[in-house]
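These notes concern the structure reproduced below.
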Amino acid sequence: MKRLLIKTYDESQAIIEYFYQQIEAEYGSYPSPISDINKVRASIVDNIRTRCDTDSSGIYKLDLPTGAGKTKISLLYSLHQMKNNHKNKMIYIAPFLSILEQNASEYRKTLANDKYILEHHSNVGDNTPFDNEDNDDDNKAAMKEYIKESWDQIVILSTMVQFSNTLFKSRSSNIRRFYNLSNSVIILDEVQSLPDEMTHIFNLMLNFISKVMNSVIILCSATQPSLDHDSISHKIIYGGSNNEDYNLIKLDDKQKQIFDRVDVSLLNNGKESKIADIYKSVLNDKEKSTLIILNTKRSVMNLYEMFEETIDDTSNLYYLTTNMCPKHRLDIINEIKDKLDNDINVIVISTSLIEEGVNLDFRRLYRSYAGFDSIIQAMGRCNREGKYDKGEAYLVNLDKDDEKLGNLKSIESKKNITKKVLDNYDGNFNIEDLNKKYYAKLFSNLDDLDKKVVDNKILLDLLSLNKEIRQSGDIEGINAQALKEASDKFSLIEDNSDSVIVYYDESYALLEELLAAIEEFRGYDGNKEKINEIKILLNKLQPYTISIYNSKDFEKKEQG
């Protein structure tokens, strides 16, 4: 469907009014709640309505359990802000593409007008050798491409990578997008997923966007990080200019109890366990749908092979890792979902990729120790719909030899903090209390909350005081910031890997088309008409890519 550019204020307000009516009609279509969980959900909506028309610009928390309806509630709040407080647009940011794709689909279904919704995320086509922003002024590209680059639309759906690039990269497209963050409602979903080393610079930027750029920022998570903790030098400033309560919703004890759907135990009472202990525990009661989440692909495969070698019927045994391309993973997830919906017991062994943005519902969960936020996300896949009195969750202190975290230092550090929090576990899994203890230990034990870039320099320093240059005497005054250096070297996540397109399903035919298009492009000395065709093919091939890390895996890539 053709995407349109908004030309006038009145046109913009008409579209916002239409979207507002759509979300109100959606909630109005729901029958009167009967179950306890739906009564709580209805109460949450009533409570959010008491304030969403009046909250001033600022930073707010939407801290709700998994399954409480955060996605639609944040949309409701945003559209009320846009209609009644004259905000220009809503910008939804997800940490991972899987979450973005799922929630983008839900937003589109609710708003029912794709012309004014822009979905923008990084893909295999974004960094092709055919991109050249130096020719922006001369390039008469389609309006769709301009809108994508500028975020000049009513509803923007994007990723944390693109959002961070907008904040810290100096390409002209990022600067255009930064302008469009002003006077907006910005939803940051699963905010706990932000790398710890981004804490200071991120807090400062969010404070600037809310206070100076007059925007409303909503931090969504079931495990809210304490971004105003005493150990943080540059704290986030929660709340609005009218001193509103920065917690958009507060559940009482009775309401919290409704969402308590899982009994939590420590496998082997928290002592170190082998993957064989998980294997034996699962086989002791095979008549339950079971999800096992481990920290490394190697441990996932080792446990999967243990089951594969010993059980008679492997048709209901699955594994999921990023060694499988997204399309393959999606096909497997859909197959698992169909079986779970038909009460067929399955055993699924996965890395953490299944924790967010995947709506599967298991009766039993095993989760190896990781960050407390990951554990809570994993629990959201257990008894998700409340089909059982209680689901079963077993937390596993997995043996180092079985797990071998290697260079995964962040996971190892968070695992150790979680272990300290759970060492005195008394059987009462109070999420709120344990979450506070976890983040208190996490931030007080982190030596570095600052992103380092080129030559171990700190991003925050390059963008502010730049002490090294000032002390050298080369530059004085306000012009010491190394803006270009910071921009050139910044990336949200250090990624020592290459994207490789694999053969699976439709990729066979698409690859043939791509190779032919590239040959034709070269044969005509860079025929510009072929550029868009190549970009479209690369976008279509995105679900068929995997990341292969350099070093040892490089030889595999060469062979492939």
Side-chain angles (χ1 to χ4, degrees), residues 61-78 90-111 117-124 126 151 155-166 185-195 198 202 217-225 291 293 320-322 324-334 336-337 348 350-362 367 370-382 384-385 492-493 495 539 542-543 545 547:
K61 290 182 179 182
L62 185 58
D63 188 1
L64 289 172
T66 302
K70 287 193 295 290
T71 302
K72 280 216 174 76
I73 288 169
S74 60
L75 179 61
L76 174 72
Y77 183 90
S78 299
M90 183 197 88
I91 302 170
Y92 169 83
I93 304 297
F96 308 116
L97 195 53
S98 58
I99 297 177
L100 177 64
E101 288 171 341
Q102 177 176 293
N103 289 342
S105 175
E106 193 167 338
Y107 283 145
R108 282 196 165 90
K109 183 179 176 183
T110 298
L111 299 179
I117 300 172
L118 169 67
E119 187 174 338
H120 182 209
H121 50 76
S122 60
N123 54 53
V124 77
D126 273 354
W151 286 8
V155 174
I156 309 295
L157 312 172
S158 193
T159 62
M160 187 61 77
V161 169
Q162 289 292 346
F163 183 64
S164 298
N165 287 346
T166 299
V185 184
I186 303 171
I187 302 167
L188 300 178
D189 204 359
E190 306 298 355
V191 69
Q192 79 285 348
S193 301
L194 187 77
M198 289 291 292
F202 202 72
I217 299 173
I218 308 166
L219 306 180
C220 295
S221 177
T223 53
Q224 287 276 352
L291 172 62
I293 304 178
L320 291 164
T321 76
T322 52
M324 306 158 69
C325 70
K327 180 61 167 63
H328 190 183
R329 295 200 303 265
L330 182 60
D331 288 346
I332 295 297
I333 287 168
N334 287 336
I336 293 168
K337 190 175 189 307
V348 179
S350 176
T351 56
S352 60
L353 67 86
I354 202 170
E355 288 176 350
E356 296 169 323
V358 180
N359 289 335
L360 296 176
D361 187 6
F362 296 83
R367 181 47 166 113
F372 195 74
D373 53 331
S374 292
I375 288 173
I376 301 305
Q377 291 294 338
M379 287 173 58
R381 312 314 118 192
C382 185
R384 184 180 181 87
E385 302 301 327
L492 179 64
I493 301 170
D495 187 6
N539 289 341
Q542 181 197 348
T545 61
S547 293

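The CD1 atom of Ile354 lies 11.5 Å from the OG1 atom of Thr321; values are rounded to the nearest 0.5 Å. Taken from CD1 in Ile93 to OG1 in Thr166, the straight-line distance is 7.5 Å, to the nearest 0.5 Å. Of the inter-residue distances, the one linking Leu330 atom CG with Cys325 atom SG reads 10.0 Å to the nearest 0.5 angstrom. Between the CD1 atom of Ile376 and the OG1 atom of Thr66 there is a distance of 8.0 Å, given to the nearest 0.5 Å. Lys61 NZ to Ser221 OG: the interatomic distance, rounded to the nearest 0.5 Å, is 9.5 Å. For the atom pair Phe202 CZ and Leu188 CG, the distance stands at 5.0 Å (nearest 0.5 Å).
Side-chain atoms of Glu106 and Thr71 form no donor-acceptor pair, as typed in the model, at a separation below 3.5 Å.
Taking each heavy atom of Met160 and Pro95 in turn, the nearest pair found is CB-CA, 4.1 Å. In plain terms, the two heavy atoms of Ile333 and Leu360 that are nearest each other are O-CD2, 4.0 Å. Ile99 and Glu190 make their closest contact through CD1-CG, 3.9 Å (heavy atoms, listed as atom of the first residue, atom of the second, distance). Shown here for His120 and Ser158, the closest heavy-atom pair between the two residues is O-OG, 2.5 Å. Between Ile187 and Ser78, the closest heavy-atom pair is CD1-OG, 3.3 Å. Between Met90 and Leu157, the shortest heavy-atom contact is CE-CD2, 4.3 Å.
The backbone N or O of Ala94 sits nowhere less than 3.5 Å from a side-chain atom of Asp189 that would complete a donor-acceptor pair. Between the side chain of Thr545 and the main chain of Gln542, a donor-acceptor pair closer than 3.5 Å is present. A donor-acceptor contact shorter than 3.5 Å links the side chain of Arg329 to the backbone of Met324. Checking side-chain atoms of Lys70 against main-chain N and O of Leu64 turns up a donor-acceptor pair under 3.5 Å.
Remark: Gln224 engages no residue in a side-chain hydrogen bond (donor to acceptor under 3.5 Å, both in side chains) (not counting sequence neighbours). Residues forming a side-chain contact (heavy atoms from CB on, under 4.5 Å) with Ser352 (at least two apart in sequence, or on another chain): Glu355, Arg367.
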- Task: Before giving the answer on side-chain contact (heavy atoms from CB on, under 4.5 Å), spell out for Phe362 and Ile336 the whole-Å C-alpha distance, their side-chain angles and the decisive distance to 0.1 Å.
- Result: CA-CA 10 Å; Phe362 296 83; Ile336 293 168; 4.1 Å; yes

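Ring geometry for Tyr92 versus Tyr107: interplanar angle over 60°, hence perpendicular rather than tilted (30 to 60°).
Contact of the Tyr77 side chain with the Leu62 side chain is not registered, since no non-hydrogen atoms from C-beta on lie closer than 4.5 Å. Contact annotation: the side chain of Asn359 approaches that of Arg381 to within less than 4.5 Å [non-hydrogen atoms, C-beta and beyond].
A side-chain contact (heavy atoms from CB on, under 4.5 Å) with Val155 is found for exactly one of Ile117, Leu118, Leu75, namely Ile117.
Within 6.0 Å of the NZ atom in Lys72, the count of heavy atoms belonging to other residues, nucleotides or ligands exceeds 12.
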